[in-house]
Amino acid sequence: MQYKFLLALAAVAPLVAAHGKIAVVQGDAGGNGTALAIQGAIVPGAGSNKETEVDTTVFKSTKIASNGLGHTSGQGKNKVAMIAEAMALSGSTLPQVSANGGSISGTFHIVTTDGAGPLKAVIDSTAKGAFAKGALAKVIEQVPGKNGNIRPDGTVKQRSITGRALVKRAANVDRDFPFKVEIPAGTTCSGTANGLKNVCLLKVANSNPAGPFGGVIAFQVAGGKAKLVDAREAEAEAEAEDEE
């Protein structure tokens, strides 16, 4: 796996993958949450790279509509059961989204220079990490960046530095940016997690080959009967790629 390869290199050279993580989220109809594997009581949200990057989720594929929940260096492979940890941090109510069309909004913390935007999003209505058959969601408030890169001062670079990012330590950014994802009207959630029914998962990530980086958010919808449109109809090149 690319991320493990980079970690191995880091042991003998000053290399590090950059990071951007979802610190906190809210639903338009109430409720709060964090991304899976966020360790708010242990890992600081702001600070140096080595202190803040350990709970950043890294995905296998740059295609947003690909299977799996990603992993972190701090806890390894992400699991649906981590919803319990997220709720312990943020309260007993998952983010709630209006059935007639709502949104998930939150804070995206950019740790290093290639952990930036723009972001993409996809919904898994089964809450299993089956994003390859999920539904794309529109990011209506974006995190700045170009190809996942940003300057240390938070301004956008005019060209990609992806190639250099693999041979030079990514600079610390340590900045928060708001983001917002539109949840289509009629979205139906059928998943069960942490004793809760009617659960969906929302994957939000950039497309930087050094990661990609982002997170997975659990949420609920009250009502709604329409089925989600298969993401492959909107993103033909997105093939089911299992991270298991």
Side-chain angles (χ1 to χ4, degrees), residues 20-38 40 45 57 59 64-65 69-70 80 82-83 86-87 89-110 115-131 133-145 148 175-191 193-194 196-207 212-231 233-235 238:
K21 60 184 179 182
I22 298 170
V24 61
V25 292
Q26 307 85 33
D28 72 290
N32 301 288
T34 67
L36 299 183
I38 290 293
T57 290
F59 296 101
I64 192 67
L69 303 174
V80 175
M82 288 178 172
I83 291 175
M87 294 182 71
L89 288 173
S90 55
S92 59
T93 303
L94 290 175
Q96 303 292 302
V97 176
S98 300
N100 60 349
S103 62
I104 296 287
S105 59
T107 300
F108 192 87
H109 182 74
I110 299 179
L119 304 176
K120 293 184 178 180
V122 61
I123 301 167
D124 167 27
S125 63
T126 68
K128 296 179 179 179
F131 296 109
K133 294 184 179 181
L136 294 179
K138 185 178 181 180
V139 180
I140 54 178
E141 184 171 6
Q142 268 291 1
V143 171
R175 289 173 180 260
D176 290 333
F177 293 93
F179 76 95
K180 191 173 186 178
V181 179
E182 182 178 72
I183 306 300
T187 294
T188 299
C189 298
S190 61
N194 197 31
L196 300 174
K197 295 182 179 180
N198 185 31
V199 177
C200 281
L201 295 180
L202 174 67
K203 175 183 175 181
V204 179
N206 69 13
S207 57
F213 307 102
V216 175
I217 304 155
F219 71 93
Q220 292 177 301
V221 177
K225 298 180 180 180
K227 293 184 178 180
L228 296 171
V229 177
D230 193 319
E233 297 179 8
E235 190 174 83

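Just so it is clear, the model here is predicted, and its values are computed rather than measured. Counting begins at 1 with the first residue of the sequence.
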Checklist entry - Is there a donor-acceptor contact under 3.5 Å from the side chain of E182 to the main chain of A137? => result no
Checklist entry - Considering all heavy atoms of both residues, which atom of Q220 and which atom of Q96 are nearest to each other, and what is their separation? => result OE1-NE2, 2.9 Å
Checklist entry - What are the two closest heavy atoms between F108 and F213, and how far apart are they? => result CZ-O, 4.4 Å
Item to check | Straight-line distance of L69 CG to K203 NZ, nearest 0.5 Å | outcome: 9.0 Å
Next on the checklist: Between I123 and P184, is there a side-chain heavy-atom distance shorter than 4.5 Å?
Outcome noted: yes
Next on the checklist: Which heavy atom of D124 sits nearest to which heavy atom of G129, and what is that distance?
Outcome noted: OD2-N, 2.7 Å
Checklist outcome for this item: Rounding to 0.5 Å, atoms CZ (R175) and OG1 (T107) come to a distance of 15.0 Å
Checklist entry - Can you find a pair of side-chain heavy atoms, one from F219 and one from V25, that are under 4.5 Å apart? => result no
Checklist outcome for this item: Between L202 and A121 the two heavy atoms that sit nearest each other are CD1-CB, 4.0 Å
Checklist entry - Between S90 and G33, what is the shortest heavy-atom contact and its length? => result OG-CA, 3.2 Å
Checklist entry - Is the closest side-chain heavy-atom distance between V199 and N194 below 4.5 Å? => result no
Item to check | For I104, the option from D28, V97, I22 that meets side chain to side chain contact (heavy atoms under 4.5 Å, CB included) | outcome: V97
Checklist entry - Any side-chain heavy atom of V216 sitting closer than 4.5 Å to one from M82? => result no
Checklist entry - Is any side-chain heavy atom of F59 less than 4.5 Å from a side-chain heavy atom of I64? => result no
Item to check | Shortest non-hydrogen contact from T187 toward C200 | outcome: CG2-SG, 4.3 Å
Checklist entry - N32: what forms a side chain to side chain donor-acceptor pair (under 3.5 Å) with it, not counting sequence neighbours? => result none
Checklist entry - So, do T57 and K21 sit near enough that their side-chain heavy atoms are less than 4.5 Å apart? => result no
Item to check | Flag side-chain contact, heavy atom, 4.5 Å: P118 against V139 | outcome: no
Next on the checklist: One pair to check against side-chain contact (heavy atoms from CB on, under 4.5 Å): M87 and L94. What are the steps and the verdict?
Outcome noted: CA-CA 7 Å; M87 294 182 71; L94 290 175; 3.7 Å; yes
Item to check | Approximate separation, where rounding is to 0.5 Å, of K120 NZ and K138 NZ | outcome: 14.5 Å
Item to check | pair I83-L36: side-chain heavy atoms closer than 4.5 Å | outcome: yes
